[in-house]
Amino acid sequence: MKKQGLKRSLSGVLAIAVMLASLSLSMLPKQAEAAASTVKLTTDFEDGTVQGWHGRGGNEVLSASGVAAHTGSYSLQVTGRSQGWNGPQLDVTSMMTEGKTYALAAWVKLPAGTAASSVSMTVQRTTDGTTNYEGVTSGNVTGDGWVKFSGQYQLKQPIQSLSVYFEASSNPTLDFYVDDFSIEQLPEPEPIVIQQDIPSLKDVFADDFKLGTAVLVNEIEDPNSPDAQLVKKHFNSLTAGNELKWDATEPQEGQFNFTRSDKIVDFAVENGIAMRGHTLIWHSQTPSWVFYDENGNLASKELLFARMKRHIDAVVGRYKGKIYAWDVVNEVLEPGDKQPGGLRNSLWYKIAGEEFIEKAFEYAHEADPNAKLFINDYNTNMPEKRQDLHDLIKRLKDKGIPVDGVGHQTHIGIEYPQVQELDDMIQAFTDLNIEQQITELDMSVYTNDNDAYETFPLELQVKQAKRYKEIFDVFRKHADQLTAVIFWGKDDLNTWLRTFPVDRNNWPLLFDERLQAKYAYWALVDPSRLPVDIQNASAANAVAEIDGKLEDAWNRSPYVSVKSEGTAVAKFKSLWDSRYLYLTVDVTDPSTNGNDAVEVFIDGNNGKTTSYEVDDKKYTFRRSGANPGKPADYKAVKLADGYRIEAAIPVNGLSLNNKLGFDVRIVDKAGSTVTKTSWNDRTGSQDADTSKYGVLTLIEGPQYTEAPMGSTVVDGNIDSLWSKANVITTDRWVQGTNGATAKVRTLWDEGHLYVLAEVTDALLSKKSPNVWEQDSVEIFVDQNQAATASYQADDGQYRINFDNEQSVNPGSLSGNLVSAVKRTADGYLVEASIKWNGTPPAAGDIIGYDVQVNNDEDGDGDRDSVAIWNDRTGLSYTNTSGFGLLKLSETK
């Protein structure tokens, strides 16, 4: 992931830090009120003027318009934009007071009939001659109603100028309205005091590895500030977030500036904290002069190496003996660039090939022979990139290049990657005899780029905490390999994820915005402090035969584990129709006892009461199979390592989106000993108390179809083999309510998946430069049907437009796609083969699968409709959790 630098920010709707200063209040656009506790500015355009707002780009037309207004009669109308950054801007330099906190708000609307589009509220700040662009908030706006934008700012540093502006970066010609803009000083917050009476993280992990954090210099400039106190209490490794990068230390050739980096390094040394250097060589945040000669031509390799050596000698040499480890090269791999060994096609690589990496390590070792030298990269959990990195390090070490360690950035999400992938990541480098470090750890609470929370939901707090615990269990398992685990930021007010990949609140670290320990902290220090969370599962709409066998209908629901101290003792699936809740439970219990049982608890209205009500029921299904049909029909069958219960439980009034209070308890009897393990309620009070049940949501479930075996030639002709394939239709609308659709057939063999899509589309268009807005067919494949929140190595998105132009996500899978396209009387036909990625599935396997049709209905370059077979979320390009199911049939 690309680092934009750590950001100070305050909680609030998509809040982010901005550092501003105080000047006079003499030039406010319309209204400013100064008092002991508040400064307020409003612009509502009710006087028929633009009230000080002006265009940023020169082409915009700003006017006080009576066409639309949030309140009153007028708003600010913005037309004539030609660039994404164009928009209305207001100079607010003269009204901010250093050290104060302000709330910004406005209402935004599009002209009637305009398609929804994203608009952003941003601050342009100039400090010490450098202009910064810092997002406040952004969101989708429509022509149907006004949308409120709001955010908060802590004003921290002196400035030359400050403006607030609105832009629509993804839609350069978008017109929009702004109304009722305001800035208001907020009351002073209570002083922040860190918790000195809780365990120090560095002590908790003292026997395992260093525990570190990254900071910006403003966090530790005052050594007595709460921020600095938190660093000193909890961390024994420190990384400079930006201050040691090339653009900070040598912005102009030969002109070094160590003012900010000296402060961080001195703080670390004075407080006995080991200091990491980040980073010497990177494709980002390196000034452009490094790569060009005096004539503006690409520099020669000799010139580039001379500049590299001078820079490394100066920076590493200055901190010799003070910085214990350096990220010598950062993010040099990008498999999608198709360079040998997966190397990134950066300017470093274009000028010097792989040799630039070798020279960087040699120069760094010469400058400080005792420093540990690391190669640092992201997504090292992904097998392809992990292997490329492993092979690169081996090549370097075989040449005698002094590579001491590998850094795994580990910017992760709340659901991805799987914990086992992190385990595999560390294990993969154990044969190289090098140190390993987790260098930039944080955990986004989101699974896509569209969600945004105003506050941090309790269930996500607990989920994040438990995931951190699982991850640190892996880190401790590999303590013989890991010498440090370092967080990219120390608290939720101080994280780059507030602005990347979009502006929104995020809570990725162990301490909150006020430096207080979160559940994520306690999960690592004392897990007993975590609250009991409510488990959630879903039941798909389908009917099951109660015979102890798992027919295809059961594939529409995922397994859910029932665990005892982290170990699964059973797993269950559930289905539903209007009369029954169907349940199958596989219990791992090789010691047979006829009184072993599965107990099922149902709270029909999910009332969460402390006593049973009329809709609350308990069902006992014995391993012996005794009393089937009373009160629910069930079947008990023997398994190799235990037994299975399959049951049809009568429940009144089941319908789509119902939520049932639900729990499953496994009863294991061995002699006089009875052990009970529950899915959710570990208190054992289910028999009389429904308040701690989990929640079972009744969903539609994924679409399901089968593909027969068969190999076909991809030539755009419908040969006879296709007549054996089932026909599915893209008749669910992601965008729009009508437009182009497709009838789709699928075949498979040991090497490929074959897809035939016959698209009905009256007007074919690829006017948009964005491939996803062109008339096209997209095929989504989740080969292992993992249904994850982000793409794994086996997952792919394959797009073919009506001119047979392809685009593939990820790009590394482009070679897997072969396609042919033909125009038809009512649209076009796409025939494609997709090579299985890695281990191919086999007959009887079920894969995640979806097909989508994109349509520019009127040929104006905008995508007007999206029709899909299964996933209506519009997020199939980011995650596989909504794909339909495709069974690979043995039938030929």
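Keep in mind that what you see is a predicted model, and the values were worked out from it rather than measured. Side chains included, hydrogens not; waters and symmetry mates left out as well; all remaining heavy atoms used.
Judged purely by distance below 3.5 Å, without hydrogens or angles, the side chains of Thr760 and Thr741 never pair a donor atom with an acceptor atom. Between the side chains of Gln852 and Asn854, at least one donor N or O lies within less than 3.5 Å of an accepting N or O. Side-chain contact, Asp775 with Ser765: no donor N or O sits under 3.5 Å from an acceptor N or O. In summary, the side chains of Asn801 and Ser776 do not present any donor paired with an acceptor at a separation below 3.5 Å, with no hydrogens or angles considered. Ser163 and Asp91 share no side-chain donor-acceptor pair at under 3.5 Å. For Trp507 and Gln461, the side-chain atoms include no donor-acceptor pair closer than 3.5 Å.
Between Thr42 and Asp180, every side-chain heavy-atom pair lies at or beyond the 4.5 Å cut-off. Between Met443 and Tyr468 there is a side-chain heavy-atom pair separated by less than 4.5 Å. Contact check for Ile868 versus Ser876: side-chain heavy atoms found under the 4.5 Å cut-off. Met121 is listed as a side-chain neighbour of Leu104, based on a closest heavy-atom distance under 4.5 Å. By the 4.5 Å heavy-atom criterion applied to side chains, Leu76 and Asp179 are not counted as neighbours. Between Phe166 and Trp53 the shortest side-chain heavy-atom distance falls below 4.5 Å. Side-chain contact between Asn132 and Val123 is absent, with no heavy atoms from C-beta onward closer than 4.5 Å. Within the 4.5 Å cutoff, the side chain of Arg504 has heavy atoms near those of the Tyr446 side chain.
Taking CE of Met95 as the reference point, atom CG of Leu90 lies at 9.5 Å (rounded to 0.5 Å). Rounding to the nearest 0.5 angstrom, the gap separating the CG atom in Leu62 from the CZ atom in Phe45 is 8.5 Å. The OH atom of Tyr519 lies 13.5 Å from the CG atom of Leu460; values are rounded to the nearest 0.5 Å. Note that the CG atom of Leu696 and the OG atom of Ser538 stand 7.0 Å from one another [nearest 0.5 Å]. The structure places CG of Asp795 at 15.5 Å from OH of Tyr877, a figure rounded to the nearest 0.5 Å. With rounding to the nearest 0.5 angstrom, the OG1 atom of Thr130 is 13.5 Å from the CD1 atom of Ile159.
Residues Arg81 and Glu167 are not paired through a salt bridge, judged by the lack of any N-O separation under 4.0 Å between the basic side chain and the carboxylate. The residues Arg732 and Glu700 are annotated as salt-bridged, a charged nitrogen and a carboxylate oxygen being separated by less than 4.0 angstrom. Under the 4.0 Å criterion applied to side-chain N and carboxylate O atoms, Arg799 and Glu805 are not assigned as salt-bridge partners. A salt bridge does not link Arg498 to Glu134: none of the charged nitrogens lies less than 4.0 Å from a carboxylate oxygen. Using a 4.0 Å cut-off between charged side-chain N and carboxylate O, Lys766 and Asp856 make no salt bridge.
Remark: side-chain polar atoms of His411 are not paired, donor with acceptor, to backbone N or O of Leu441 under 3.5 angstrom. Within the 3.5 Å criterion, the main-chain N or O of Gly87 finds a donor-acceptor partner in the side chain of Glu60. One N or O on the side chain of Asn505 and one on the backbone of Tyr453 form a donor-acceptor pair closer than 3.5 Å. A donor-acceptor contact shorter than 3.5 Å links the side chain of Ser768 to the backbone of Asn770. Under the 3.5 Å distance criterion, the side-chain polar atoms of Asn536 are matched with a main-chain donor or acceptor of Ile534. At distances below 3.5 Å, at least one donor-acceptor pair connects side-chain atoms of Gln703 with backbone N or O atoms of Trp869. For Asn658 (side chain) and Ser655 (main-chain N/O), a donor-acceptor pair under 3.5 Å exists by modelled atom type.
By the side chain to side chain donor-acceptor pair (under 3.5 Å) test, Gln83 is found to be paired with no residue, residues two or more places apart in sequence or in another chain being considered.
Among the candidates Asp144, Asp175, Leu174, the single residue satisfying the side chain to side chain contact (heavy atoms under 4.5 Å, CB included) test with Leu110 is Leu174.
Between Phe511 and Tyr521, the gap from one ring centroid to the other is short of 6.0 Å. Between Trp107 and Phe181, the gap from one ring centroid to the other reaches at least 6.0 Å.
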When you look at Asp761 and Asn855, which way does the side chain to side chain contact (heavy atoms under 4.5 Å, CB included) test go after all the steps?
CA-CA 8 Å; Asp761 190 348; Asn855 179 37; 3.3 Å; yes

Worked verdict on Trp85 versus Ser169 for side chain to side chain contact (heavy atoms under 4.5 Å, CB included)
CA-CA 6 Å; Trp85 52 271; Ser169 58; over 6 Å; no

Apply side chain to side chain contact (heavy atoms under 4.5 Å, CB included) to residues Val866 and Val853 and explain how you reach the verdict.
CA-CA 6 Å; Val866 177; Val853 177; over 6 Å; no

Evaluate side chain to side chain donor-acceptor pair (under 3.5 Å) for Gln774 paired with Lys767, printing each intermediate quantity in order.
CA-CA 7 Å; Gln774 299 172 2; Lys767 183 175 181 180; over 6 Å; no

Can you check side chain to side chain contact (heavy atoms under 4.5 Å, CB included) on Lys463 and Ile414, steps first, answer last?
CA-CA 8 Å; Lys463 184 175 183 178; Ile414 199 161; 4.1 Å; yes

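Here the closest non-hydrogen pair linking Gly882 and Asn870 is O-ND2, 2.5 Å. Closest of all the heavy-atom pairs between Tyr791 and Pro810 is CD2-CD, 4.5 Å.
Counting heavy atoms of neighbouring residues, nucleotides and ligands inside a 6.0 Å radius, atom CD of Glu188 exceeds 12 of them. Heavy atoms of other residues, nucleotides or ligands lying less than 6.0 angstrom from CG of Asp128 number 12 at most.
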